[in-house]
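Please read the structure below before turning to the comments.
We're numbering straight along the sequence, starting at 1. Side chains included, hydrogens not; waters and symmetry mates left out as well; all remaining heavy atoms used. Just so you know, ligand 1 is whichever comes first in the structure, and atom 1 is the first atom listed for that ligand.
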Amino acid sequence: MRKLAEHNIPLREASITQVHSVLRDGNPLIVHTSMFANALASLANPKQQQQWVPLAEKNRIIGTYAQTEIGHGTFVRGLETTAIFDPETKEFVLHSPTITSTKWWPGGLGKTANAAIVMAQLYTQGKCYGPHPFFVQLRDFDTHHSLPGVILGEIGPRLGINSQDNGYLRFDHYRIPRTNMLMRHSQVLEDGSYVKPIHNKLSYGTMVWTRVAIVHSCSKKLACAVTIATRYSAVRHQSELVPGKPEPQILEYQTQQYKLLPHIASVFAILFSASSVLRMQRNVAASISKGNVELLPELHILSCAMKALSSQDSTQGIETCRLACGGHGYIASSGLPSLYTSTTCTITYEGENTVLLLQVARYLIKSYRAGLEGLPVLPSVMYLTAPSAMHQSPPLSNQALIEAFRISSANLVKETESRLCRQFNLEQNFHYAWNRCSVALVHCAELHSRYYMCEKFLSTVESIRASDRVRSVLQDLCRLYLIHHITLNQGHFLRSGTLSGVDLSTLEEEMYELLAKLRPQAVPLVDAFDFRDELLGSTLGAWDGRVYERLYEEAQKSPLNKTDVSKAYHKYLQPLMKSNL
Ligand SMILES: CC/C=C\C/C=C\C/C=C\C/C=C\C/C=C\C/C=C\C=C\C(=O)SCCNC(=O)CCNC(=O)[C@H](O)C(C)(C)COP(=O)(O)OP(=O)(O)OC[C@H]1O[C@@H](n2cnc3c(N)ncnc32)[C@H](O)[C@@H]1OP(=O)(O)O
Ligand SMILES: Cc1cc2nc3c(=O)[nH]c(=O)nc-3n(C[C@H](O)[C@H](O)[C@H](O)COP(=O)(O)OP(=O)(O)OC[C@H]3O[C@@H](n4cnc5c(N)ncnc54)[C@H](O)[C@@H]3O)c2cc1C
């Protein structure tokens, strides 16, 4: 909003594309206000925070988070930028030794940021201590010119979020004070000696924080898309449901209900999981400040699992909403294309989903093996070796479905661990064996994550304080969500023996009944998200439903419509038409 204000564009008069460029196509300050701010809050010591936080809050410092290099994004331990401590001058010398060490992608790095948190391999007294964060000024705070020894630029157009700059950065033996190393968790003393952290992954803390933030953000973006597509589906009349009868709202078609209602449910599923992970993150952050890192692995794994699932679910849901709007879903003024392009990148950034799911799988296998040996395991994975309680719940009840997820997930981990053992016996190398099982390992991680999200949805709905009417609708949405994801994962439930073919047919029948039952709630549910038209930025999803008038009005704003005959006619078409005379 601030960006629109800066251009003196009253929100109500902003064109859809102007709104998108701030809200969706990339906000050049998003990394400054999110990752850079969190890095200072979680990785800098109090003295450093006192020095830099006030300047960042006043936007005197505009920062970014510069970790990814053109040669390495996923493999953080493989980063090549070096920070070598010089005991003579008590400085770190930052350098980009290779083309592949060029920092590449950071949001705002190209033209907006004048500082960065740079992740670089720390060397002192001839030894490498791995990637560590450093506060680095990149541009003159008054002229904004790049500083000597700092080479900056913009990486070029992308699939989306093109109204923010993503940049590249190279260092040429660039010197920074020793005290620019973020020293909350580890330090290099004046004599060059290294003081190690209480956990060697604490320097990854900002990534974990951002993954948790992305989960919540994905629920909001999916909520925008289902609002647009559902309202449009209530306005759009098309075809004949009954020959000779008036064209119905497309929301009357069961296939349209199937496209939209499970994703409305998904908004709540992601939101409830986001709240749960956020609570855990706050608890773990408080524990770390007291020196207790016991639950850090749980937070790491849960943030990986939920970031992977929410980014994938919201991206797929937004694309389904776009397709559900036919041709008008493809037009920019619908808001759906920019929602898609600004959400699909969440699958890639902040930890590419496959890689994060493999982190989850590593934890599942490790915890399963620990459980077999009677060793303690952390709460979220205790179920892996716990006895099944399938038959204590009424058949096909919500609790029985959650039990089915739990047992099927445990069963898949057990099967995959056996496969890993067999592969190890063949290969006699754990890492080769791991790679030969990694597709199955990702499936384990996905099912475990889905089980978590389903369980959170049900437990939240069962405990939520709401009117009977609201509770009843949420219960129907939750039931639809559970059944929908069971039908999408039928094989796991058949293989674990938790559900039979007859059970699945019964559940499918119930799902179709739920679609019809929830149809009248569809528009009230998305209206309850209460997005202002200006923020939704959609000709299809506006509150007043004047879709066709808005499409037409928005088209008038196109520069091409300023004249009846475009300049291109005289320059290109006319010569072409005359050339054949
Ligand atoms: C562009 C923005 C436009 C629009 C925004 C729209 C929506 C979003 C809006 C709001 C959301 C909020 C903020 C968004 C703002 C910015 C986002 C935009 C830009 C994106 C920024 C970035 O992408 S920053 C760079 C991100 N990069 C990564 O995430 C790299 C991924 N890789 C890794 O994290 C690591 O390499 C790895 C975890 C995969 C492996 O680490 P490694 O050191 O190799 O460890 P392993 O050997 O695998 O494991 C050893 C043990 O360590 C444990 N471990 C690993 N990591 C952690 C951790 N973080 N915490 C705790 N423990 C950890 C691991 O489990 C192993 O433990 P064992 O016990 O098994 O040994
Ligand atoms: C819009 C956007 C904004 C970004 N902003 C920032 C930013 O502000 N700061 C920043 O530092 N970075 C940023 N990034 C970079 C982002 O963090 C990386 O792109 C991301 O971490 C993925 O790494 P990569 O690009 O090297 O992909 P790679 O890891 O090379 O992935 C390519 C393929 O290799 C596979 N792969 C990689 N490792 C493994 C493995 N161990 N096992 C199995 N498969 C594997 C992946 O699954 C994937 O299919 C941004 C990226 C985007 C798209």
Side-chain angles (χ1 to χ4, degrees), residues 23-39 63-79 100 103-109 113 116-119 130-131 155 158-167 169 199-218 220-221 274 284 288 293 295-304 307-308 310-311 314 338-339 341-367 370 378 431 434-435 438-439 441-442:
L23 280 182
R24 298 206 193 109
D25 284 348
N27 161 5
L29 299 180
I30 187 141
V31 183
H32 168 62
T33 54
S34 57
M35 299 191 75
F36 180 77
N38 176 268
T64 183
Y65 183 85
Q67 172 174 298
T68 300
E69 295 169 357
I70 201 168
H72 288 93
T74 286
F75 188 48
V76 178
R77 286 187 286 126
L79 293 175
T100 44
K103 292 297 178 185
W104 187 272
W105 270 115
L109 178 63
I117 302 300
V118 174
M119 288 294 266
I155 66 171
R158 296 161 288 282
L159 173 63
I161 56 177
N162 278 296
S163 60
Q164 77 164 43
D165 56 304
N166 290 83
L169 158 65
H199 189 293
N200 69 0
K201 300 301 176 190
L202 287 174
S203 61
Y204 289 9
T206 295
M207 290 188 273
V208 176
W209 178 89
T210 308
R211 289 166 191 157
V212 175
I214 286 170
V215 182
H216 189 263
S217 164
C218 284
K220 279 194 296 185
K221 287 173 170 273
V284 171
I288 288 170
V293 291
L295 282 175
L296 187 61
E298 281 273 273
L299 176 62
H300 167 50
I301 294 310
L302 208 47
S303 59
C304 286
K307 182 269 183 187
S310 59
S311 55
S314 54
S338 64
L339 269 173
T341 56
S342 68
T343 305
T344 188
C345 52
T346 61
I347 292 175
T348 303
Y349 68 48
E350 221 49 66
E352 196 278 331
N353 278 5
T354 303
V355 169
L356 297 187
L357 289 168
L358 286 168
Q359 284 287 305
V360 176
R362 173 180 172 142
Y363 188 67
L364 292 173
I365 297 295
K366 185 180 170 191
S367 303
L378 289 168
H431 302 290
W434 178 268
N435 187 43
S438 48
V439 172
L441 288 162
V442 167

- From K221, M119, R362 - option closest to atom 70 (O) of ligand 1 by heavy atom: R362

- Query: Which atoms of ligand 1 have any heavy atom of Y204 under 4.0 Å away?
  - Reply: 41 (O), 42 (P), 43 (O), 56 (N), 59 (N)

- Looking only at non-hydrogen atoms, which of K201, R211, H300 approaches atom 34 (O) of ligand 1 most closely? R211

- Task: For ligand 1, indicate whether the residue Y65 contacts it via side chain, backbone, both or neither (heavy-atom separation under 4.0 Å).
- Result: side chain

- Has G73 got any heavy atom lying under 4.0 angstrom from an atom of ligand 1? yes

- Looking only at atom types and distance, does a side-chain atom of S217 sit under 3.5 Å from a main-chain N or O of A213, one as donor and one as acceptor? no

- For the pair R211 (side chain) and E350 (backbone), establish whether a donor and an acceptor sit closer than 3.5 Å, ignoring hydrogens and angles. yes

- Query: Taking the side chain from S314 and the backbone from S311, do they hold a donor-acceptor pair closer than 3.5 Å?
  - Reply: yes

- Message: Considering both backbone and side-chain atoms of F75, is one of its nitrogen or oxygen atoms within less than 3.5 Å of a nitrogen or oxygen in ligand 1?
- Response: no

- Message: Within the 4.0 Å heavy-atom shell around V76, which atoms of ligand 1 are there?
- Response: 30 (C), 32 (N), 33 (C), 35 (C), 36 (O)

- Message: For Q164, state whether at least one heavy atom is located under 4.0 Å from any atom of ligand 1.
- Response: yes

- Message: Between N162 and R158 (side chain of the first, backbone of the second, donor and acceptor by atom type, cut-off under 3.5 Å), is there such a pair?
- Response: yes

- Item | Reference residue S438; test side-chain contact (heavy atoms from CB on, under 4.5 Å); the match among L357, T354, L358 | L358

- Contact atoms of ligand 1, heavy-atom distance to T210 under 4.0 Å: 13 (C), 14 (C)

- Atom indices of ligand 1 within 4.0 angstrom of Q359 heavy atoms, with elements: 38 (C), 39 (C), 40 (C), 48 (O), 55 (C), 64 (C), 65 (O)

- Query: Given that the side chain starts at C-beta and the backbone is N, CA, C, O, which of these parts of R77 lies under 4.0 Å from ligand 1, counting heavy atoms, or is it both or neither?
  - Reply: side chain

- Atoms of ligand 1, numbered as shown, that sit under 4.0 Å from any heavy atom of V355: 39 (C)

- Could you tell me which atoms of ligand 1, counted from 1 in the order shown, lie closer than 4.0 angstrom to a heavy atom of V208? 59 (N)

- Identity of the nearest option to atom 36 (O) of ligand 1, non-hydrogen atoms only, from T68, T74, L296: T74

- Message: Using a 4.0 Å cut-off to any heavy atom of S34, which atoms of ligand 1 qualify?
- Response: 13 (C), 15 (C), 16 (C)

- Note on the structure: Quick look: H216 vs ligand 1, heavy-atom contacts under 4.0 Å, and the answer is neither

Is there any protein N/O under 3.5 Å from an N/O of ligand 2, and what does the full list of such pairs look like?
| from | atom 1 | to | atom 2 | distance (Å) |
| --- | --- | --- | --- | --- |
| ligand 2 | 8 (O) | G107 | N | 3.0 |
| ligand 2 | 9 (N) | Y65 | O | 2.8 |
| ligand 2 | 11 (O) | Y65 | O | 3.4 |
| ligand 2 | 11 (O) | Q67 | N | 3.1 |
| ligand 2 | 11 (O) | T68 | N | 2.8 |
| ligand 2 | 11 (O) | T68 | OG1 | 3.2 |
| ligand 2 | 12 (N) | T68 | OG1 | 2.8 |
| ligand 2 | 17 (O) | T68 | OG1 | 3.4 |
| ligand 2 | 23 (O) | T74 | N | 3.3 |
| ligand 2 | 26 (O) | G73 | N | 3.0 |
| ligand 2 | 29 (O) | T74 | OG1 | 2.4 |
| ligand 2 | 47 (O) | E352 | OE1 | 2.6 |

- Message: Given 3.5 Å as the limit, does a donor-acceptor pair link the side chain of H32 with the main chain of G63, or not?
- Response: yes

- Backbone, side chain, both or neither: what part of E352 comes under 4.0 angstrom of ligand 1, heavy atoms only? neither

- Would you find a donor on one side and an acceptor on the other, under 3.5 Å apart, between the side chain of K103 and the backbone of T68? no

- Task: Please could you name the atoms of ligand 1 that K366 approaches to less than 4.0 Å, counting only its heavy atoms?
- Result: 68 (P), 69 (O), 70 (O)

